[in-house]
Every structure is written in structure tokens, then in C-alpha cells.
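First the structure, in the form of C-alpha cells, and then the observations on it.
Just the heavy atoms: all of them, side chains too, but no hydrogens, waters or symmetry mates, feed the values below. Note that the structure is predicted; figures quoted are calculated from it, not measured. Convention: sequence-line order gives letters A, B, ...; per-chain numbering from 1.
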Amino acid sequence: MKNLEIAKIFYEMADYFEMEEIDFKPFAYRKAAVGVEATKEDIEEIYKKWGLKALEEIPGVGKNLALKIEEYIKTGKILRYERLKKETPVDLEKLMSVDGIGPRKIKQLYQKLKIKNLKDLEKKAKSGEIAGLEGFGEKSGKNILDGIEFVKKSKGRFLLGKIMPSVEDILKKLSGLEYVLEITMAGSARRMRETIGDVDILAVSKNPKKLADFFSALPETVKVWSKGLKRVSIRTKSGFDIDLRIIPEKSFGSALQYFTGSKEHNIATRRIAIEKGLKLNEYGVFRGKKMIAGKTEQDIYRAIGLAWIPPEIRENSGEIEAAIAGKLPELVGYDDIKGDLHCHSSWDGGENSIEQMAQAAIEMGYEYIGISDHTKFLRIEQGLDEKQLLLQKKEIEKLNNSFPLPSHSSAEVGGERRRKFRIIQGCETNILADGSVDISDDVLAQLDFVIAGVHSGLKMEKEKMTERIIKAMRNPNIDIISHPTGRLIQERDECQIDFDKILMVAKETGIILEINSSPDRLDLKDINIRKAKEAGVKMAINTDSHDKIHLGNIKYGIAQARRGWAEKEDIVNSQKLNNLLGYFKR
DNA sequence: GCCGTTTTCGGCCCGACTGTTTTCAGTCG
């Protein structure tokens, strides 16, 4: 699929045109890049099936850019791009990632100092040569070095789940201050993106000066970037930056809308405002000079004729059209999960006993927990064999009998009084290279449910990998496929699989695909969740906990599900236990 | 370079901040 390659080239060409101070072309190329990126079908396929004209259907792509796409598909190159690269042969992507460095500065740095990449940039910044350039001064050199350090250390982005706890902690501290009237997260953290560049916090305060002082003196702070009465930027000990913006009360809603983004969503909402003869900016919605909304986000959306849109889906990927049509999805809620189905116990080397895991699940307010330990192929994880699974079944039955019975008879189901909480037994069996699993069918059939996952041979070629997983999906004992694409965010790409084919078989067999909530997995990811939903495939949001504290990761999985437009009915473990067990049986 | 239920020409989202200037360019979100 060449879509992303083409988008990347258009983005880079936009930067090059900006270097050349060409007006509006950068805007057009970026818009086309967004359109290409957002196209779900393989652009090469589109071209081969329908020809050049079909390319012009992509938003932002006209005659000229369609020709460039054709050229890339046919020759693997775009001549104009190659020429631009030759004229200014620099590592645009890396250089642009340094804070404060953009196309114009890159051009100057190349022309005056022959700086092509981060290494050159670092060298010249250290030698002090950059400070001598026109438009650069003492501080530029130092800022560049700081920026390079940051890029190197973090690749610029952090896992949502890694930074969220400390952000929540800081928010709690700030919200306790008597001169803070309102405080909330904005930006990509509020949208629950899987990785976060920096964190935005918005506040309304009776005493901005005091708040700014308090914020910059937090024990988490290692460096204060800038400090005014409107905005304070700090770097935390964990290495990420937080911007605190202090907002006038009457503009809080518009500021929240604006700073939550995404950028694409904001461009679209502003455009809608313009169409209605209004102006939308971070200060409010205006008709002429008259402010007609600003205090709450709901007011903002209402003023431009839209229903309020949940932050997780503000990506301009159809939510605006849905809001106009009154067809926004009712996203699965953060309180909708009734039990976690993928939890490991001390039986396979996890931190906690089954009883401790169950206790933690009860404290989360769950109705059930699924214990699904690794199986024998994974010796390193102390995977269980058939005999151990049957022993474990006995222990779980014993534990289940110890949970209190409900006091009222309404809980009576099928002549049997259900207890308030139940442990159900599964296992996370391994899908071997040939698609078989490492536990015999007669034992799998005795468990309440079975998860199967790929833990080996992740580099298998696409067709073989797809067949391998499909074979497991057709095993009638298997209910759930765990972390279906095998990715590790920022570490390992997805396995090569034909996801559309997987979805077809999932629909046909009723197999459930997991949304793994582990912050470095989040697998399925948002776009795959949306595809699964559209295909009518059921999903389960699980944590893959190896320790009871991991149970709390469920919110990242739910967030990912919401980003994928999933509703409660798409998620099997938002169902009561009876319905869930019924689904497994089917 | 793209685009049109006012337009096939004349617009394109737009305000704030930083570091460098002495009135502003470049970058960011």
C-alpha cells in the first residue's frame, strides 16, 4: 500500500515549497497529503481499476497532483520531488522534528553552513557557528541543542499510558487550589491518542500569577520554558512538556475546543462557522464583533449547528458529517465494562494469585474476571499444560463458591442463584506456526472460554500468517484472538496480515477480536476497530494484566475503542455474564 | 495547486509567541 509513502512525499514537497517562499502551494500539497492519508483503499488499486480520473476524487487532489501520483505508481519516483531533494539535500523529517526549526531555517542552515542532518546541526550548534547567522542569536544555538537532545531521547512522543498517571496527579494537585476555578486536560491527551507529544492543561483562575508560580514550582518540574500570566510551559522529570494555559472564564469552552484539536477537526469546524457567517477561534464564536458562544464546549458546537462531539473522535474522519446528520455513535463508555477477560495469575508467573486478581476486579466494580494464563508452548512464561489447567479449574470452582450470594431473589437465573461475582476460566493458548494450538481440544472444551494468540514467528509472510490465524479462528473451541496484529507501539510494527480477510472469517465464525489495553500494544488500534465495527465483528476490551495494578489500564483500551467509534453493543465484555457465556457457547 | 448550492477567479484557518529585531519573520498549535 503506497498511500502513506505518497502522503509523506507531499508533506515533504510542501516543506520544500515553503523553503522557496512559494505561496499557497504548501497549503495545497498538505491538504492533498491529508486526503491521501485518509484514503482507506489502496491508491494504487484505485488507479489501476479506475484510472487517473479516480485519483482526482481524493480530497485535495486535482489534475496536477493526480499526475504526480500516477508518476509515482508507474516509476516509483516523482521527478519534481527528486529535483527539490537534489537542490536542498537535507534530512527534512529529522530536522523538522527539532523544536523551533522549520523549512526556512533549514534552508538557511544548509546554504550558509551546509547542515544536512541532526549530526551536522548538533556540531555547528556546539561550535557556536549558528549563533552568528542572520536571524539566529545566542539563544537559538542553545535551544537547538536542547531540541536535539529531546528528539534523541524520546523520538518526540510518549506512550499515553506512561504519562497519564503523572498528568492526572498534577491535575489533582492543581484542582485542589482554592484560586483554581476550573481545570482540565486538552490536546491529544484528552483525545486519548496512543502517543502524546506534549500535554496541554487549561485552567480558569482567580489568581493567574499565583497559579503560574505554583505550577512552575511543582516538584515534577525540571525546567521552566516560558512563564507568563497566560501560559506556562514546563518540562517534567519524566521528560515530557506540559503547557498550562490560563483562560478567561467566558472563553473556557472555546479554548477547550480549540486546544483539544485535532488540527484537522478544528479546520473543519472553523470552515463550518465561516459557512454560517460566523467566526470561530480560541476566544469564542463571533457574529461580526458580537460574541455568541464561548463559555462551554457544548455552547460552541451548538452555535455552529453541531451536536457535541466526544474528543476521542475529533479527527475529521467523518464525525462532523455524523454530527450534522445527527448520527454520532453512542460510544462505549468508560463505565461500561463488566469484566476483564484477559488476566494472568501466579499460575503462569504473574504477580498475583487468582484470588487477589478476583478481589482487585471486585474493587473495580466488575461482575466477573476471566483468568487466561499462558499455555505450555511459552515455557519462559511458565505456560500451563492440560493437567494444570484442569487443576486450576478445580481451584476456580472452589473460589467461586466463596463469593457471597445476592440477597434478593431477582438474581435467580434458570433456577440457579447466581453469585455476585464470578471467575471464569480461560487460557491464552498459542497459535503455532501451522495454525494449530498447543492445548488439546478436549481440555479446551472444558474451559469457560479460550483466547488464542500469536507469540512466535511474528515475521511470517503475509499470506502464511493470515492462513495461520484463520485456521485458529476456525477451531470451534476458540473464542477470542488476543492482540491480533502483534504490534508494539514505537518498537515493533504490526505483523503482515490480511486484516480484511481476518474480519470476514471473524464475522462468519463469530470469533471475537481483542482490543488489548496494554499501553504499548493497544491492539487492535483505532482504525482497525472501526473496520471491525463496520464489518459487524465483535470485540473484547481486555488488559492482559500480569499484575493486579494493570487492571486499571482498561481505560486506554476503552479509549482506543472509542477512537474506533465502537459502541457498547460491539464490545462483548460490556455484557452481563449470562449473555457473554451464551455468546461463547454459540 | 485546489476548489465552487453566491464564484471557473480569487481566495486558501488564524492568533500567539520567540528571538530577533526596531517593525517582523518564522514557527507552533
| What interatomic distance, in whole Å, is found between C1' of B:dC3 and the corresponding atom of B:dT8? | 9 Å

| task | Establish, from distance only, whether the side-chain atoms of A:E87 and A:Y16 form a donor-acceptor pair under 3.5 Å. | result | no

| Any-strand Watson-Crick or G-U partner of B:dT8, both distances under 3.5 Å | none

| said: Is A:Y283 close enough to B:dA16 that one of its side-chain N or O atoms is under 4.0 Å from OP1 or OP2 there? | reply: yes

| task | For A:K31, report the nucleic acid contact type (base, sugar-phosphate, nothing); a contact means any heavy atom under 4.0 Å. | result | nothing

| Interatomic distance where CG belongs to A:L133 and C1' belongs to B:dG19 [whole Å] | 14 Å

| query | Going through the distances and angles, do A:K142 and A:E138 end up as a salt bridge (charged side-chain N to carboxylate O under 4.0 Å, His left out)? | reply | CA-CA 7 Å; A:K142 191 177 175 317; A:E138 281 290 308; over 6 Å; no

| Which part of the nucleic acid, if any, lies within reach of A:K107 when heavy atoms closer than 4.0 Å are counted: base, sugar-phosphate only, or nothing? | nothing

| Should A:S518 and A:D520 be marked as a side-chain hydrogen bond (donor to acceptor under 3.5 Å, both in side chains) after you check the CA-CA gap, both sets of side-chain angles, and the distance that decides it? | CA-CA 6 Å; A:S518 182; A:D520 61 344; 2.9 Å; yes

| From B:dG29, B:dG26, B:dG19, pick the nucleotide closest to the side chain of A:K105? | B:dG26

| said: With a 4.0 Å cutoff (strictly under), does any side-chain N or O of A:N143 reach OP1 or OP2 of B:dG19? | reply: yes

| 5'-most by nearest nucleotide on DNA chain B - A:I274 or A:F136 | A:I274

| A:R271 side chain: which of B:dG1, B:dC17, B:dC12 is closest? | B:dC12

| said: Need one value for A:L280: base, sugar-phosphate or nothing, where a base atom within 4.0 Å counts as base even if backbone is also close, heavy atoms only. | reply: nothing

| Is there a donor-acceptor contact under 3.5 Å from the side chain of A:E41 to the main chain of A:T39? | no

| A:N64 side chain, from C-beta outward: closest of B:dG1, B:dG15, B:dC28 | B:dG1

| request: Taking only the side-chain heavy atoms of A:S140 (C-beta and beyond), determine which of B:dG15, B:dT20, B:dG1 contains the nearest atom. | output: B:dT20

| query | With sugar-phosphate meaning primed atoms plus P, OP1 and OP2, does A:D200 contact a base, only sugar-phosphate, or nothing at under 4.0 Å between heavy atoms? | reply | nothing

| query | With a 4.0 Å cut-off on heavy atoms, is A:E134 in touch with a base, just the backbone sugar-phosphate, or nothing at all? | reply | nothing

| task | Quickly work out the A:K25 NZ to B:dC12 C1' distance and round it to whole Å. | result | 15 Å

| query | Does any donor atom in the side chain of A:S317 or A:R530 lie under 3.5 Å from an acceptor atom in the other side chain? | reply | yes

| Counting side-chain heavy atoms from C-beta on, which of B:dC13, B:dA16, B:dG1 comes nearest to A:E282? | B:dA16

| field | Distance between P atoms of B:dC17 and B:dC13 (Å, rounded) | value | 22 Å

| said: Expressed as a whole number of angstroms, how long is the span from A:R270:CZ to B:dC14:C1'? | reply: 5 Å

| message | For a quick check of understanding: with a heavy-atom distance under 4.0 Å over all strands, which category does A:N266 fall into, base, sugar-phosphate or nothing? | response | nothing

| request: Could you tell me the separation between the NZ atom of A:K230 and the C1' atom of B:dG29, rounded to a whole number of Å? | output: 15 Å

| said: For B:dG29, does the base pair up with any side-chain atom of A:Y258 as donor and acceptor (N or O, under 3.5 Å, distance only)? | reply: yes

| said: Rounding to an integer number of Å, can you tell me how far A:F24 CZ sits from B:dC9 P? | reply: 18 Å

| task | Among B:dG15, B:dG19, B:dG29, find the nucleotide with the atom closest to the side chain of A:D198. | result | B:dG29

| task | Return the value, rounded to whole Å, for the distance between atom CG of A:L55 and atom P of B:dG1. | result | 16 Å

| said: Side chain of A:F259, heavy atoms from C-beta onward: which of B:dC17, B:dC12, B:dG29 has the nearest atom to it? | reply: B:dG29

| request: In whole angstrom, give the distance that lies between atom CZ of A:R104 and atom P of B:dC24. | output: 15 Å

| task | Calculate the interatomic distance between A:H265 atom NE2 and B:dC14 atom P; express it in whole Å. | result | 16 Å

| What nucleic acid atoms does A:K263 come within less than 4.0 Å of, heavy atoms only: base, sugar-phosphate, or nothing? | base

| remark: Assert: residue with more 5' nearest nucleotide on DNA chain B, out of A:E56 and A:K139, is A:E56

| request: Look at the side chain of A:K327 and the backbone N and O of A:E321, then say whether any donor-acceptor pair between them is shorter than 3.5 Å. | output: no

| message | If we count only N and O atoms by modelled type, under 3.5 Å, do the side chains of A:Y301 and A:Q257 hold a donor and an acceptor together? | response | yes

